[in-house]
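What follows is a set of notes on a single structure, which appears directly below.
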Number of protein chains: 2
Amino acid sequence: MSRSSKQKEAMLRILRRTTSHPSVDWIYEEVRREIPNISLGTIYRNLNMLKAEGAIIELSFGGAPTRYDGNCQPHYHFRCIKCGRVCDIDGQVNGDLDKRVAEDSGLEVLGHRLEFYGFCQDCGGCKESNAHPDR
Amino acid sequence: MSRSSKQKEAMLRILRRTTSHPSVDWIYEEVRREIPNISLGTIYRNLNMLKAEGAIIELSFGGAPTRYDGNCQPHYHFRCIKCGRVCDIDGQVNGDLDKRVAEDSGLEVLGHRLEFYGFCQDCGGCKESNAHPDR
DNA sequence: AATATAATAATAACAATTACTATTATGTCG
DNA sequence: CGACATAATAGTAATTGTTATTATTATATT
């Protein structure tokens, strides 16, 4: 079905080697260093394909711009409300939660999203500044 | 600072008396029954004001259109991935979670968002249909 | 190599939200 | 009360993030 392309391969490679949970724009800029005339539409199409194949994870929470994660192991995230940075949270994903909610509510629960928010190390001390808006 | 207006009062009243976690468009339509020439910009501006004042809660998860909740008691939600309906989940909000994550990570954790997803009662049996897209 | 078609680049279209601006409403203070 | 300062509004334009369209190019298969 799905054919390979150097655009798709470059995107996946870039997503695999970063842990910064990049935005669409960041990915676009990064791929353009290899493939200068790549189209933004291709970025969006391939992100959706890779997501559908389960190769990457989409992080779209709380109205903030969507981020992508090349790490497919289930894990939670922290988002800095000052600079937007997204970090991984160590620790177990709670699978029992879904079961408990399903039993209590009668809903067919397939999963949950959990995101922590607050100030990251860089922003905690200086809540006024707005450094690193894209990390 | 903030002055009253019949538009703002109508919006808050409407949000207080529903439990359907309405979308911007639903709120717009509903307020227009009272104030037919209200502007959509006013809806957005007042939603942001009411949110900033802590009078309402914004639910924007997973790329789906933003919903608003006039119930400010901390609680979790379930979203049907078929029809988009949002329901409240009974049960305690886990405040210790934030503390544990903060201790483990060194981040200044202010809170977390948790949303369950799956099929609601109406959509569980007939996953093909797409009834009630706006509830 | 010839062929079928998936993927692409470039652009247009779209939907959700915000910004702008002239006008109207609200609260204050003499 | 009635004038005044200004917050809020309606209407519109602009912006942003994303998807659709289309002619062209690249990939895989025979």
Side-chain angles (χ1 to χ4, degrees), chain A residues 1-15 21-53 55-69 79 81 84 86 130 133-134, chain B residues 1-15 21-53 55-69 79 81 84 86 130 133-134:
Chain A
M1 288 289 128
S2 162
R3 291 181 184 173
S4 75
S5 73
K6 66 178 201 285
Q7 290 85 347
K8 206 184 293 180
E9 280 157 20
M11 287 176 62
L12 190 54
R13 182 162 18 85
I14 284 166
L15 278 162
H21 312 86
S23 66
V24 172
D25 286 348
W26 186 93
I27 297 165
Y28 183 41
E29 292 305 325
E30 202 67 12
V31 182
R32 278 214 287 189
R33 293 164 60 172
E34 286 182 43
I35 308 168
N37 69 329
I38 192 171
S39 163
L40 188 52
T42 298
I43 302 287
Y44 276 104
R45 182 165 16 76
N46 284 342
L47 285 172
N48 284 335
M49 279 182 157
L50 292 169
K51 177 178 69 166
E53 293 165 13
I56 65 171
I57 290 170
E58 184 185 78
L59 307 175
S60 50
F61 266 76
T66 303
R67 303 294 205 101
Y68 288 89
D69 192 342
R79 193 183 297 249
I81 60 176
V86 175
N130 193 9
D134 228 30
Chain B
M1 289 290 130
S2 162
R3 291 181 185 173
S4 75
S5 74
K6 65 179 202 287
Q7 291 86 345
K8 207 184 292 181
E9 281 158 20
M11 287 176 63
L12 189 54
R13 184 162 16 85
I14 283 166
L15 278 162
H21 311 86
S23 66
V24 171
D25 286 348
W26 187 94
I27 297 165
Y28 183 41
E29 293 305 324
E30 202 68 12
V31 183
R32 278 215 286 190
R33 294 165 59 172
E34 287 183 43
I35 308 169
N37 69 331
I38 193 172
S39 162
L40 188 53
T42 299
I43 302 288
Y44 276 104
R45 181 163 18 76
N46 284 341
L47 285 172
N48 284 334
M49 280 182 156
L50 292 169
K51 177 177 69 167
E53 294 165 11
I56 64 172
I57 291 169
E58 185 185 77
L59 307 174
S60 49
F61 268 73
T66 302
R67 303 295 204 99
Y68 288 88
D69 192 342
R79 192 183 296 250
I81 59 176
V86 175
N130 193 8
D134 229 28

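These numbers come from a predicted model, not from an experiment. Within every chain, numbering begins at 1; the chains are lettered A, B, ... in the order of the sequence lines, protein sequences first and strands thereafter.
Side chain of B/Arg67 to main chain of B/Leu59: no donor-acceptor pair is present (N/O by atom type, distance under 3.5 Å, no hydrogens or angles). Not one N or O on the side chain of B/Lys8 forms a donor-acceptor pair closer than 3.5 Å with the backbone of B/Leu50.
A close approach under 4.0 Å does occur between a side-chain nitrogen or oxygen of A/Asn46 and OP1 or OP2 of C/dT8.
Rounded to an integer number of Å, the gap from A/Asn37 CG to C/dA7 P is 18 Å. In this structure, the CD atom of A/Glu53 is 13 Å from the C1' atom of C/dA6, given to the nearest Å. What separates CG of B/Asp25 from P of C/dA15 is a distance of 11 Å, to the nearest Å.
Here the range on DNA chain D touched by chain B, meaning any atom under 4.0 Å from one of its heavy atoms, is D/dA5 to D/dG11.
Contact check for B/Ile43 versus B/Leu40: side-chain heavy atoms found under the 4.5 Å cut-off. Contact of the B/Met11 side chain with the B/Leu47 side chain is registered, since non-hydrogen atoms from C-beta on lie closer than 4.5 Å.
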Test side-chain contact (heavy atoms from CB on, under 4.5 Å) applied to A/Glu9 and A/Leu12, step by step: CA-CA 5 Å; A/Glu9 280 157 20; A/Leu12 190 54; 6.0 Å; no
Trace of the side-chain contact (heavy atoms from CB on, under 4.5 Å) decision for B/Asn48 with B/Asn46: CA-CA 5 Å; B/Asn48 284 334; B/Asn46 284 341; over 6 Å; no
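The terminal axes of the helix from C/dA1-D/dT30 to C/dG30-D/dC1, fitted over 5 pairs per end, subtend an angle of 30° to the nearest 10°.
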Nucleotides 17-30 of chain C: protein proximity per nucleotide (B base, S sugar-phosphate only, - neither; heavy atom, under 4.0 Å): BB------BBS---
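For the side-chain contact (heavy atoms from CB on, under 4.5 Å) test, residues two or more places apart in sequence or in another chain that qualify with A/Ala64 are A/Arg79.
Residue pairs meeting the salt bridge (Lys or Arg N to Asp or Glu O under 4.0 Å) criterion with at least one partner in residues 27-39 of chain B, sequence neighbours excluded, are B/Arg13-B/Glu34, B/Glu29-B/Arg32, B/Glu30-B/Arg33. Residue pairs meeting the salt bridge (Lys or Arg N to Asp or Glu O under 4.0 Å) criterion with at least one member in residues 56-65 of chain B, sequence neighbours excluded, are B/Lys51-B/Glu58.
Taking CD1 from B/Ile14 and OH from B/Tyr68, the interatomic distance works out to 15.0 Å, rounded to the nearest 0.5 Å.
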